[in-house]
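Structure, as structure tokens:
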Amino acid sequence: MEKKYENIMVERVEEVGIVKINRPAQLNALNKKTVEEIIDAIEGFEKDPGIKVMIITGSNHFSAGADIKEMSTLSPIEALEKSPLAVWEKMMENIKKPVIAAIQGYAVGGGCELALSCDMIIASEDAMFGQPEINLGLMPGAGGTQRLARLIGKQKAMEVCLTGRFIPAKEAYELGIVNKVVPKELLMQEALKLAKEIASKAPIAVEFIKDSIRKAFETNLKEGLEYERRLFYLLLSTEDAKEGMKAFIEKRKPVFKGR
Ligand code: DAK
């Protein structure tokens with residue numbers, strides 16, 4: 001039985017944990033309660049050995065960002081000390097299991113930042129991305145300037161954050177923000193297909209690959225290559241790697257056990 005939440009829905013499909021933001025009347029704006037529930041659900045799936053991959057999605061839209069009504073009452077000190085958006089943004093850096101964002105409708109402001117903190121993005125044709133904080137006299141505060149600049153380069157990140165322009169799915173794909181654009185009715189099917197494929201792989205290899213790719217954004221090439229090499233040696237010693245190579249030689253499908 002899944003836990004009951006107020007503003008999100010959780011579901012599991014085989015080894016995939018799904019978190020669905022569900023405040024459709026407010027376009028899934030991220031108020032404190034919603035972000036706390038997202039954090040709780042993701043942490044729950046992260047600890048659950050039966051879950052290998054997660055999907056974050058939203059009802060009708062992904063999310064129109066931080067709840068502006070709630071945010072307008074926050075003092076800077078409150079934002080610094082209590083902001084759940086900051087907690088969630090830091091938490092995503094430490095999640096070991098792959099997280100896929102399945103996006104329809106708006107993914108803007110904090111919603112875009114939540115998507116960018118995921119490992120892959122599948123978008124429906126109607127998806128819209130953007131960092132419109134500039135129109136509120138603000139700026140992205142949960143990774144928008146940093147992750148976007150690393151992902152699409154300085155010039156494009158400047159344009160997106162300084163104009164606040166919304167970017168349609170097709171353009172987001174061309175910019176490299178999105179892995180795949182699919183018709184709306186196929187969104188969850190495609191996200192689940194990707195999630196299940198990854199869930200079928202050797203779990204320690206999946207964890208190390210995610211860790212190593214993320215490291216590429218935090219280190220210089222020399223340190224990153226050294227980090228990768230060490231993880232590779234570690235993987236060689238796992239039962240799953242021995243099984244994977246043996247199965248190849250014996251021309252059969254490997255059976256991975258996460259050891
Ligand atoms: N917050 C609260 N309510 C929102 C909302 C939001 N972000 N976005 C939409 N809504 C509400 C609207 O007020 C409206 O409610 P009612 O008037 O019906 O009661 C309902 O959702 C439907 O919205 P619209 O009528 O505006 O719908 P449209 O289709 O006409 O327009 C839109 C869709 C997405 C273009 C528009 O709603 C819009 O521009 N929304 C605001 C988008 C935005 O500016 N997002 C950025 C928010 S700032 C932090 C780190 C990060 C952040 C904060 C703190 N720390 C580290 C401390 C992040 C900040 C942000 O995300």
Side-chain angles (χ1 to χ4, degrees), residues 2-11 17-45 54-76 78-92 99-118 121-144 147-148 160-161 163-169 172 177-178 184-185 187-188 191:
E2 297 304 336
K3 218 163 158 179
K4 280 268 173 259
Y5 294 101
E6 209 173 290
N7 296 334
I8 66 167
M9 296 192 282
V10 292
E11 188 192 348
I18 304 172
V19 178
K20 187 178 207 174
I21 312 170
N22 191 37
R23 280 187 91 206
Q26 290 81 25
L27 312 187
N28 293 333
L30 299 165
N31 63 356
K32 187 168 182 282
K33 175 98 185 149
T34 309
V35 180
E36 282 170 355
E37 289 184 351
I38 297 172
I39 292 172
D40 189 69
I42 291 178
E43 282 181 345
F45 283 144
M54 291 176 234
I55 295 176
I56 308 184
T57 189
S59 305
N60 303 338
H61 294 272
F62 188 69
S63 169
D67 189 310
I68 297 171
K69 283 176 204 142
E70 197 180 87
M71 196 170 60
S72 66
T73 65
L74 270 188
S75 74
E78 279 171 334
L80 189 69
E81 289 174 356
K82 295 189 196 148
S83 164
L85 270 155
V87 175
W88 140 71
E89 198 263 314
K90 283 195 196 106
M91 178 202 73
M92 289 299 277
V99 185
I100 299 166
I103 295 184
Q104 57 178 328
Y106 290 110
V108 300
C112 187
E113 292 174 307
L114 173 56
L116 292 174
S117 74
C118 296
I121 299 178
I122 305 287
S124 68
E125 287 159 347
D126 73 334
M128 284 279 190
F129 298 81
Q131 298 291 163
E133 292 88 343
I134 183 83
N135 298 328
L136 303 170
L138 285 168
M139 65 178 284
R147 292 206 178 88
L148 210 52
V160 172
C161 296
T163 66
R165 173 171 78 82
F166 289 159
I167 300 157
I177 295 173
V178 162
K184 198 171 173 156
E185 62 279 10
L187 179 66
M188 282 316 286

task: Could you tell me the separation between the CD1 atom of Ile134 and the CZ atom of Arg165, rounded to the nearest 0.5 Å?
output: 14.5 Å
- line: Looking only at heavy atoms, the pair that brings Ile8 and Ala41 closest together is CD1-CB, 3.7 Å
query: Got a salt bridge between Glu78 and Lys32, using NZ or NE/NH1/NH2 to carboxylate O under 4.0 Å?
result: no
- request: Quick one: do Gln26 and Asn31 satisfy side-chain contact (heavy atoms from CB on, under 4.5 Å)? Show the steps, please.
  value: CA-CA 10 Å; Gln26 290 81 25; Asn31 63 356; over 6 Å; no
- prompt: Are any side-chain N or O atoms of Asn28 and backbone N or O atoms of Phe62, one a donor and one an acceptor, separated by less than 3.5 Å?
  reply: yes
- request: Keeping the roles fixed (side chain from Glu37, backbone from Glu6), state whether a donor-acceptor pair exists under 3.5 Å.
  value: yes
- request: Taking all heavy atoms of Ala191 and all of Ile122, pick out the closest pair and write down the distance.
  value: CA-CG1, 4.2 Å
task: Give the C-alpha distance, both sets of side-chain angles, the deciding distance and a yes or no for side-chain contact (heavy atoms from CB on, under 4.5 Å) between Ile56 and Ile42.
output: CA-CA 9 Å; Ile56 308 184; Ile42 291 178; 3.6 Å; yes
message: So Ile21 and Leu114, do their side chains get closer than 4.5 Å, heavy atoms only?
response: yes
query: Taking Glu125 for the side chain and Lys184 for the main chain, is one N or O donor matched with an acceptor at less than 3.5 Å?
result: no
task: Give a yes or no on whether the ring-centroid distance for Phe166 and Tyr106 is below 6.0 angstrom.
output: yes
task: Start with the C-alpha distance between Ile38 and Leu30, add both sets of side-chain angles, then the distance that settles side-chain contact (heavy atoms from CB on, under 4.5 Å), and finish with yes or no.
output: CA-CA 10 Å; Ile38 297 172; Leu30 299 165; 3.9 Å; yes
- request: Identify the two heavy atoms, one from Met92 and one from Cys118, that lie closest to each other, and give their separation to 0.1 Å.
  value: CE-SG, 4.0 Å
Distance (rounded to the nearest 0.5 Å) between Met71 CE and Leu138 CG: 5.0 Å
query: Passes side-chain contact (heavy atoms from CB on, under 4.5 Å), Leu116 versus Gln131? Steps please.
result: CA-CA 11 Å; Leu116 292 174; Gln131 298 291 163; 4.1 Å; yes
message: If I compare all heavy atoms of Pro140 with all of Glu113, which pair ends up nearest, and what's the gap?
response: CB-OE2, 3.3 Å
task: For Asn135 and Thr163, work out which heavy atoms get closest and say how close.
output: OD1-O, 4.1 Å
statement: Smallest heavy-atom separation, Arg147 atom then Ala142 atom, equals NH1-O, 3.6 Å
Listed once per pair and sorted, the side chain to side chain donor-acceptor pair (under 3.5 Å) pairs that draw on residues 54-66, sequence neighbours left out: Asn22-Ser59
